[in-house]
Every structure is written in C-alpha cells, then in structure tokens.
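What you see is a predicted model, and the numbers here were worked out from it, not measured in a lab. Heavy atoms only: backbone and side chains are in, while hydrogens, waters and symmetry mates are out. The first residue of the sequence shown is numbered 1, and numbering continues consecutively from there.
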Amino acid sequence: DLSAVVDAAIAALRPKAELLRIGLSRDDEAATCEAVVDATQIQLALRAVIDNGLNALRPGACVVVELREVDADWAEIEVRDDGPGIPAAV
C-alpha cells in the first residue's frame with residue numbers, strides 16, 4: 001500500500017518538523033493506493049525530499065505531501081512547500 005509508505009515517511013519526519021515549528025501534513029484523495037514498488041526505496045526517497053523542504057524553510061512554513069492515483073497503472077507523490085523556491089539564477 002503506497003499510502004502506508006507515505007504515512008511512514010511523514011511519521012519519521014514529524015518530530016523534526018515539530019522541533020523546527022514547520023507544518024507537515026498530507027493532503028490527498030487516495031485513502032489507499034496499491035502499487036508494486038520497492039517500499040523501502042520509495043520511503044527513503046520521499047523522506048529525503050521532505051527533509052530537504054524542512055531544512056530550507058523557516059518556522060511557521062508548511063510542507064504538504066499528496067498521493068494521487070492517476071489511473072489503474074499510475075500514481076504520483078507530490079511534495080510541496082510554501083518556501084521561496086530556488087532562485088532562477090541558480
């Protein structure tokens with residue numbers, strides 16, 4: 001269940017988010033999403049992306065994770081935050 005993988009990644013980083021006073025939440029349509037994936041690798045990658053967002057944000061900011069089942073054969077995981085982003089010059 002890909003939904004459980006997303007939940008585990010969020011749970012692993014929630015203490016850090018709370019310490020930094022950054023919101024970390026899930027906002028999606030997919031209550032469950034079955035997928036044939038390497039759950040460990042997906043969770044590690046997802047944790048890295050979430051952690052990157054936490055490290056770049058200031059207190060009061062927010063990181064949101066969304067899981068979407070696009071169709072029977074495709075799912076997407078989106079991680080977004082309300083930080084300033086990467087400057088165009090970089």
Shortest non-hydrogen contact from I50 toward A9: CD1-CB, 4.4 Å

Nearest non-hydrogen partners of P59 and I22, listed with the distance: CA-CG1, 4.4 Å

Shortest non-hydrogen contact between D81 and G53, atoms and distance: OD2-CA, 4.1 Å

Results of salt bridge (Lys or Arg N to Asp or Glu O under 4.0 Å) for D82 - residues two or more places apart only: none

4.5 Å side-chain heavy-atom contact, L46 and I77: yes

Nearest-0.5 Å distance that lies between atom CZ in R14 and atom CG in D7: 9.0 Å

Partners passing salt bridge (Lys or Arg N to Asp or Glu O under 4.0 Å) against R47 (at least two apart in sequence or in another chain): none

A48 backbone acceptor or donor facing N52 side chain under 3.5 Å: no

Flag side-chain contact, heavy atom, 4.5 Å: V63 against R80: no

Side-chain heavy atoms of L67 within contact of R26, under 4.5 Å: yes

Salt bridge flag under 4.0 Å for residues E66 and R68: yes

Criterion side-chain contact (heavy atoms from CB on, under 4.5 Å) on N55 and K16, from CA distance to verdict: CA-CA 10 Å; N55 291 331; K16 180 176 182 174; 2.7 Å; yes

Side chains of E18 and L13 in contact at under 4.5 Å (non-hydrogen atoms): no

Separation of S25 OG from I10 CD1 (nearest 0.5 Å): 7.5 Å

Minimum heavy-atom distance P15-A11, with the two atoms named: CD-O, 3.4 Å

Common cluster, V37/V6, ILVMFWY with side-chain heavy-atom separation under 4.5 Å: yes

Hydrophobic cluster (4.5 angstrom, side-chain heavy atoms) - remaining members for V64: none

Evaluation steps, side-chain contact (heavy atoms from CB on, under 4.5 Å), between I42 and D38: CA-CA 6 Å; I42 295 294; D38 184 330; 5.5 Å; no

Distance (rounded to the nearest 0.5 Å) between L24 CG and L54 CG: 6.0 Å

